[in-house]
Each structure stands twice: as C-alpha cells, then as structure tokens.
Amino acid sequence: MDYDFRGIEQRWQSYWAEHQTFKAKEDTSRPKFYVLDMFPYPSGAGLHVGHPLGYIASDIFSRYKRLRGYNVLHPMGYDAFGLPAEQYAIQTGQHPEVTTLQNIARYRRQLDRIGFSYDWDREVRTCDPAYYKWTQWAFLKMFGSYYDNRLRRARPIEELIAAFEASGTDGLDVACGEERSFTAAEWAAFSDLEKSQVLMNYRIAYQGDTAVNWCPALGTVLANDEVKDGLSVRGGYPVEQKKMTQWQLRVSAYAERLLEDLDRLDWTDSLKEMQRNWIGRSAGTEVVFKTLCGDKQKDITIFTTRVDTIFGVTFMVLAPESELVPELTTPDRKEEVAQYLAYVKKKTERERIAQTKTVTGVFSGSYGINPLTGEKVPVWISEYVLAGYGTGAIMAVPAHDSRDWAFAKKFGLEIRPIIAGCDVSEGSFDAKEGKMCNSGFLDGMDVKDAIEAAKDYVEERGLGRRKVNYRLRDAIFSRQRYWGEPFPIYYKDGIPTPVPEDKLPLTLPQVDEFRPTEAGEPPLARAKDWTYEGYPLEKSTMPGFAGSSAYYLRYMDPHNDKALVSREADEYWRNVDLYIGGTEHATGHLIYSRFWNKFLYDLGYVCEDEPFRKLINQGMIQGRSSFVYRIVGTNTFVSAGLKDQYETTEIHVDINIVHGDRLDLEAFRAWRPEFADAEFILEDGVYVCGWAVEKMSKSMFNVVNPDDICDTYGADTLRLYGMFLGPLEQSKPWDTKGIDGVNRFLRKFWRLFYDGETLLVNDEEPTPEELKTLHRLIGKEQADIEAFSYNTTISAFMIAVNDLTERKCSKRAILEPMVILLSPFAPHIAEELWHVLGHEGSVSDAAFPEYVEAYTVEDSATYAVSFNGKTRFTVQLPKSMDRAGVEAHVRALPQTGKYVGSQTIVKVIVVPGKIVNIVVK
RNA sequence: GCCCGAAUGGCGGAAUUGGUAGACGCGCUGGACUCAAAAUCCAGUGUCCCUUAAAGACGUGCCGGUUCGAGCCCGGCUUUGGGCACCA
C-alpha cells in the first residue's frame, strides 16, 4: 500500500468529527491546559499559507499536551464584526452579516482540511447576539464602575455616590478626567443631569469630549492603534484630528498595573518592551509658574522630568489646544495667535507627522515667573507641545532639550547652559551627566544627584509635587458605523441611561442602507424606531477590539446564557496557558484584553488577573513574488539575466505559472489577454523571472493557498513543512521549494511499515542501537517541543527515520512510540499507522512514550582543569567516568605537562562534572 | 532621533549556551535501477592550494579585547528587520 494521503486525511478528519475526539470537558481529576489562537477576522480573500502557521504551531502543542495527560482546551472562533464587511455592504447593499457568514463558512472549510484538534462545539462569533450580549454586559459593568486609586481596583459607582453624599469629594483618590471638588451639600443640590455629568468624570466607561482620530473616508473615529503614519490601518485613508464627544474606556487608570504585571508574564522581551513603551511611564514633577498678563493672575502648571534644569528655563510653551491660551493671550497679540491657531487646526494628522522637523509657534504676550528664581520668562504657543500629555504646558530649557533648542534658535530666544563645560552652540546637551552650574543651590552637584535634590526642594517648598505621567491614553470606544455591537445606552432627558441587564442583548437593528445619514449621523440613525421605552438609543457602535477583549473567557463556557463564564468553568480553566499570534496586536488587542480582564477581576467575575500566561509571536509569512521585464513600449519580455541591456518595466507575474524561477511561456500568454501575443528574449533557452520577498497579497500574485498544498502534498506535509521552514517566531518567505523534502520523509516513514502491499511490521526484540535511536528522539522531542523549536524536532525525526531505514528496522516496539511522537505534527498519517499497528481508537488518546536514560547516548561532561587557582583548559570526558578515571586521564594529558612543567603532581582534586584542581610540588 | 532584535555555505537554517562550526532539508554533481521518464536508492558537496588524494591553511558582517579555547562574552563600528516618534 502506498501512502495515500487523500484517503487517509479525509478518513481521519471524519473520524475525529464523528467521535468528538477533541471535545473538552471540565475534569478536575486532570490538570488543564488552555491553548489559544488569535481568532481570525474572516476576510473575503480567504486564508493564505501564512495564516494557519500559528494555528499549526498551537495545534502541535495542544496535541503534545494531550499526549502528556493534560485536559486540553483548544477552541476557535471568529472576530466577525469589522470594517471590510461593512465597506463591502455600503458598495453593494449586501448585508454585512451575509458576507460575514459566507466568509466564515469558507474559513471553516479551509481550516478543516488542515486537521486541527479544535473543539468546534465551543466556537464563538463576536457578531452573534448570544455572544455580544456579554460584550454589552461588560460595557454596562464598566459604565457602572469607577477606579479607586488607593485600593488599586475598580469599584461599583454606587460606592462613589455614597461617598459624595457623605462628604463630597473630600478625601477621595479616584481616577478621573479632571480634578474637581465639591461638598456633600453641593452634590445634593445638583440636578439629575448635573449629577450624571459629574459621574461621567469617574466612570470607567464614560462619555467625554476628546480630540479623536477622525477618518472622513470611513466616516468614523479610530483608536490610536488603528492609525499608522496618519492613515487608517484598514484601508489606508487619511485621518485628521477632531474634537468630539465619544464613549471612552478609562484604560489609563490601569496603566501602572498593566506595566507592573508585565514582569510576571512569560512573553517575549520585545513584546513586553513594546507594551512598556506604549504605556510610557514617566516620573517627574509638576511645577506651578505664576504669570504676568496685564492685571490677570493665572497659574500655569507644567510637567517636567528634569526639574533640576529649572534654572535654565528661558521661556514656556503652551499647547495650541490648551484652555490657558485665550486667557494668556494679550490683546495686542490676539490676531497673530488666532492666525496661528487656525493654521494648526487645518493641518491633518499626516501633515503634522510629516512636518515634525518644522518649528512653528507664536508669542502669547504673557510672561511666566520662575518660582525658584523669580525670573520673568515669555510664554509661547506651539504645536510641538501636546495637549493630551502632562498638563499641555512646559517649561523650556533650550540648553538641555533638543526640541526646546530648535525652538529657541528659530525664534531667537536665550539658550542658557546649566551644566558645566557643555557646548550648546550646535545642539542641546541632553545627557544626564556632568556638574551643575548657574543653578543656585544645585551648583557643583552631579546631575544625577541634582535631579533628586531639585525634586525634594520643589516639593518641600510647595512649589510643585512629584507626578507620574503615562503615555497610554483612554481608549476611544465609539465608532460611527453599523457593523458592531450597539451600546446598551439610551438617553432619558439627555441623561445616558443603561438598558437593564435582563434586556440584553440589545440586537443590531435593520437599516435600509449602511452609510451615514445625510445629516452626518451614524448608520443606526436610519433604523426605524431605534429607541428604548420611547427614548432614543445610542447611535454609534463599539469598535473591533470590544468583541475580542474577552473572547478567551467565553470559550470556557460558551453556551452559558446566565453569565459570561460560570464560576466553576472559570476556576477550572482559569486563563490561557499558551497564546499564539502575531505581534501586530501588541499595542491594541493585547493591552485592551489585559485591561478588560483586570476590570472583570476587580469586580470578582474572574479569578485570574492576567489573561495570557505565555505568549508566542509567530513570524509573518511573506510571499516570494516573481517578476517579468517588459521592454518599454513593446510587448516583448526579456529574461532577468539580460534585463539590464534594455529599458524595462518590472511586472508582477502569477507565481503559479513560474516553476523554479522559469516562466511557463504558454501559461503566461494564456494568463491575460494583453500578453496573448507576447514575445520573449530568452537566456539559455528559458525565461528566468526575477523575484523579491514581499508581503503575501493578491495584488502581487504571490499568494499561496493552503488548499493547493493540501491537494498536492496533503495536510500532514503542509503542517510539517510550515514548521520546518525555520524558527516559529521569525518572519520568513514561503518558498515551496523544499516541501518535497518533508513529503519524502513521510513516505520514507511509511515504507518502514509497508513494502508495496507487504506489511513489514514485526514483533522482534529491538537491539540496543535501535532503542538508542528511539530514545535519542524521545529526549529531543520532549525538550524541543517545550521550547517551540519545531524545526529541530522535525530534523531529529528525519535522522531517526534515516537511521531505521538503514538498519531495515520495522520492529513494532520501535515504530509504535514513533507514531505517537509524530502524531502532533502529522496527525493523519499517525492515526492511519496507529491503526495499521492494530490499535483501535485514536492515537490522540495514547500516551507520550517514556524516555529511558539507559538508551541515550553517553553524554560527556566538561571538566575545567585549573592550576595555581586559575582555569587553564577544559577536558570533555564521559559522564560515567569515575573519579579515578578522570584523575588518570588528566595526569596523562600533554597540556598538564605544559602548565605543571618539571614539577610533580601531588594531588588531583576532582569535583564531579566541573573542576579539576591540580596541586603540584 | 530613541528603544529592542538579527547577521553562519549556492539557499532555509543547526550548534548541548564558552568546547570538533555548518546538523537536518533544499539545490547542485556523479552513479545505480529503467527502452525512457518519473519515483526511489547510493556517493559527494564551506573556501583556498592541487590532476587527485593525503596533509595543510583560511573560514560564523567589520575592527579590537578577554580566554588554554569565542559563532556565543566585552568595547567600537557596518548593514538590516521591527517598534515608538515632538510624550517635556
């Protein structure tokens, strides 16, 4: 019998489905292991080979853990709300749900062919009302909570209301938008509407005015992580800054915990570093400068990490959006300031980014007073100061900050160095080193000491206080779109009011069209009767990350309609042990999920405060594009090696008609009508294509469809080859050259069982050498799989199979454990061979073979030979060698003579496995 | 500009973390089988010197250092991938 992968793969895939082999049940008698993939957005293009690579990696680990006796939870679902389906709906009128369901069906067919061990009974879809009920529920919980900075956790808003009633804001330390203070009596006197507005300042899900990334082409706002280089990540449309009232999540309240808890996670350092930078903790000082502005007195609070440089302040700068700007603009400067503000306002985000080197600004006419020196310094307005960070105002120290330096140069302001001996004629001196000068009481101190001394000084005299700032902003949670979760909020007399929990889910209404209304309202404004008890419902919907923030919890208990997850299920599965996915979610999903989980943890709904214990980032799979070269103005194509002799245009060509960089000329002519009468200039009789590694995409004709690989080689070969390409975490191009190698390996393994129709498996006793081969493999597998070094694991397998082939060993005692070892990687062929060996049932229920040290190759130990207390060289000796043996060996070494010379060795001290000390006389 | 990471044959990549560099696979060369092709199998394959072999020398981006010993550690570069980017 030959290795008939088509029959085998079909047969075993049906077997798994029929027998529910991978159905996961809570079972407290067994240890759990939760392996999760980042669920896909089902796009219209279907899967390409890059997508399932991470899924294959996690599937291998799931199957491996199963073999090791774990109760494995390995689910899959779809992140099904999102922009592309809606854009398509706007263009075609097709309901996004229809296209989404079609895409899901296609994804499922593609996934099924690869033989994953998913428990499909637990599938979730974020666009399913039974699922988004819990997204809405969580939102309501956030709406009904505030963050207590002292307890460092979220609490129900009722507790805050009780505190207001008892003593107003007195003695509170809670996360909020703006600092406010009022007494209990004042609180009691507020109207309902006023109370609602006050509470918004504290809720974890709140409505507030904010500068947002507005994308006119998409007709919606976007979160910071949805914008890159001033363009929307999806679609690449321009984005501008706009002030709008939006729902937001107070992620910033969790900044410190999100940062601290990174240390406890088993994630890669680079990913943790990305999150740390995104959170951007910076410890500094807030200092108050009084101002002189006609007869008005106004304080400017600034934030700085370098109070020690305060003696070098020669001017101050406000963000254009700062509310102090109108107050501090003197009448004679009014016109110029207004002009500048208009100029800043009409800039798009993209222009701002492109022009970061251009220095702009305007003088306000006012002066600030340096609280340490009493000196008067001008207050400027410039866009290089951001309204959203710190206090939106800075003290400028041009001698020691490059941005201030550039500004001072441009506007001719004084640059006053305060570190001895530094040269600031060509640029600022930003380093934190040297001795202070021109700085009053700080003179002569080391900069490092001065930083602390200055902080203390300012704090002790009440001129300012220590303050920690974060770059992390609150997440903007409204989208002016149709295809997302509706907010369970209605407006009762203008007061945002939650829809009662027992009325959830609040389902998405039908609309006749999916674009915004003529009045510029979101599409939900088109719905008939979009009201609750006669009051208007919120018309925006939630963003893409809403549904993906807690999906891992829902998998634990997907059919529960009483709770997001039951206590029992949560306490059994707890959190994700292994999460595999791309690094592109580092500052989006992976932050939001952690925040969302911590919030639920604070309120006692889940028992772990971090969602993903270990995280692996699989690298991106790039495409290998092929090119042909058309001579300009002709329909003649020249082979890559000769192209430099002509003036040519590079054209992407479908990689399916290129074989080993050689173009199939007939297929090329048939490919597109305009190439039907193409002429070619060949080299050595063939047309050689050029190539490049690029992103895998339709437009570059370099997409490899996993279905095609399954057709030609089978899913097992696809799985093995994908893992054999190189280290999991590394980005690499998909190059189908070389796939024959792993396919050959599978056939070779098969031939250990069969010679044509003859079954070769026998019950002979294995020789010690054969056992050694087997156990070397077991040892390698165990160590390498745990380290996700799948490529070397597969190499080890190939070595073992080559070795057994050479020995003509088809002994059951060797082959049986090997089938089990292979099953995580190539499950279909493993099932078939398990069956051939006479077993009933699935190899997935077998146990990982035990590793016996006796059969392993004799390991060597390294001994460092030291003489006169200094290590001179090392020797490698078998681990089994005893002390006397090591001693004799060392005495006989020629190197020993070199160092000991004519002296006599009186003693050799052997520390097992490590050091040999030689004592001489 | 700032913060991470990487650099090894013709190619993808190994190397027990300081101990025989190049495992495994691809490709290539030669051979066996075959009427032939495919498939399969066997042998060779870092570079240089050489008819060949032995032997030797060189060899992990570059320069220097530590060490008996460096792909791995230290200092200084170069190239490259990724993240952040007026965050005070």
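Reminder, nothing fancy here: chain letters follow the sequence lines and each chain counts from 1.
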Asks: List the residues meeting side-chain hydrogen bond (donor to acceptor under 3.5 Å, both in side chains) with E226(A), not counting sequence neighbours, and say none if there are none.
Replies: R479(A)

Asks: Are any side-chain N or O atoms of N370(A) and backbone N or O atoms of I310(A), one a donor and one an acceptor, separated by less than 3.5 Å?
Replies: yes

Asks: Whole angstroms only, please: what is the CZ-P distance between F315(A) and A88(B)?
Replies: 17 Å

Asks: Counting only side-chain nitrogens and oxygens, does S402(A) get under 4.0 Å of the OP1 or OP2 atom of G1(B)?
Replies: no

Asks: Between C1' on C84(B) and CG on D225(A), what's the gap in Å once rounded to a whole number?
Replies: 14 Å

Asks: What integer distance in Å separates D784(A):CG from C24(B):P?
Replies: 15 Å

Asks: If you find the nucleotide of RNA chain B closest to S789(A) and the one closest to K748(A), which residue's nucleotide is nearer the 5' end?
Replies: S789(A)

Asks: Syn or anti for G10(B), given that syn means the glycosidic angle lies within 90° of 0?
Replies: anti

Asks: Compare the minimum distances between each of A85(B), C26(B), A23(B) and the side chain of R744(A), then state the nucleotide with the smallest one.
Replies: C26(B)

Asks: Is U51(B) syn or anti, taking syn as a glycosidic angle within 90° of 0?
Replies: anti

Asks: Protein within reach of the bases, or only the backbone? For nucleotides 3-13 of chain B, mark each nucleotide 5' to 3' as B, S or -, using heavy atoms under 4.0 Å.
Replies: SS-------BS

Asks: For G61(B) versus A7(B), give the span between their C1' atoms, rounded off to a whole number of Å.
Replies: 6 Å

Asks: Can you tell me how the ring of F315(A) sits relative to the ring of F407(A), calling it parallel under 30°, perpendicular over 60° and tilted otherwise?
Replies: parallel

Asks: Using the C1' atom as the reference point in each nucleotide, state the distance between U16(B) and C11(B) in Å, no decimals.
Replies: 26 Å

Asks: Is there a side-chain polar atom (N or O) of Y384(A) under 4.0 Å from OP1 or OP2 of A88(B)?
Replies: no

Asks: Are the charged groups of E286(A) and R465(A) less than 4.0 angstrom apart, N to O?
Replies: yes

Asks: Given the side-chain rings of F745(A) and F797(A), with only the six-membered ring counted for Trp, is the space between their centroids under 6.0 Å?
Replies: yes

Asks: Stem finding on RNA chain B, please: runs of three or more consecutive Watson-Crick or G-U wobble pairs, both distances under 3.5 Å, sorted by first number.
Replies: B:1-7 with B:78-84, B:10-12 with B:24-26, B:27-32 with B:40-45, B:46-48 with B:56-58, B:61-65 with B:73-77

Asks: Roughly, in whole Å, what's the span from CZ in R747(A) to P in U40(B)?
Replies: 5 Å

Asks: Pick the nucleotide of RNA chain B nearest each of I739(A) and L386(A); which residue has the one closer to the 5' end?
Replies: I739(A)

Asks: Indicate yes or no: does E452(A) engage R466(A) in a salt bridge with an N to O separation below 4.0 Å.
Replies: yes

Asks: Rounded to the Å, how far apart are N743(A) CG and U40(B) C1'?
Replies: 13 Å

Asks: In whole Å, measure the gap between the P atoms of G56(B) and U66(B) for me.
Replies: 28 Å

Asks: Tell me whether the rings of F411(A) and W380(A) are parallel (<30°), tilted (30 to 60°) or perpendicular (>60°).
Replies: tilted

Asks: Looking only at atom C1', what distance separates C2(B) and C72(B), rounded to whole Å?
Replies: 28 Å

Asks: Is the NZ or CZ atom of R594(A) positioned over W267(A)'s six-membered ring, under 6.0 angstrom from the centre and within 45° of the axis?
Replies: yes

Asks: I want to verify a distance call: between A88(B), A85(B), C86(B), whose nearest atom is closest to the R471(A) side chain?
Replies: A85(B)

Asks: Hey, does K409(A) have a side-chain heavy atom less than 4.5 Å from the side chain of I415(A)?
Replies: yes

Asks: Once you apply a heavy-atom cut-off of 4.0 Å, does R473(A) come out as touching a base, just sugar-phosphate, or nothing?
Replies: base

Asks: A14(B) and A21(B): how far apart are their C1' atoms, nearest whole angstrom?
Replies: 10 Å

Asks: Indicate, with a heavy-atom threshold strictly under 4.0 Å, whether V742(A) touches base, sugar-phosphate, or nothing.
Replies: nothing

Asks: Take the protein atom CG of L720(A) and the nucleotide atom C1' of C26(B), then report the distance between them rounded to whole Å.
Replies: 15 Å

Asks: Does the separation of the ring centres of F825(A) and Y790(A) fall below 6.0 angstrom?
Replies: yes

Asks: Do K780(A) side-chain atoms and T792(A) backbone N/O form a donor-acceptor pair below 3.5 Å?
Replies: no

Asks: Output the rounded distance in Å from CZ (R281(A)) to C1' (A88(B)).
Replies: 16 Å

Asks: In terms of side-chain heavy atoms of K228(A), which of A15(B), C24(B), G83(B) is nearest?
Replies: G83(B)

Asks: Using the P atoms only, state how far G18(B) lies from C73(B), rounded to an integer number of Å.
Replies: 8 Å

Asks: Can you tell me, in whole Å, how much space there is between the C1' of G10(B) and that of G22(B)?
Replies: 14 Å

Asks: For D401(A) and C86(B), what is the distance between atoms CG and P respectively, to the nearest whole Å?
Replies: 13 Å

Asks: What integer number of Å spans the C1' atoms of U60(B) and A23(B)?
Replies: 15 Å

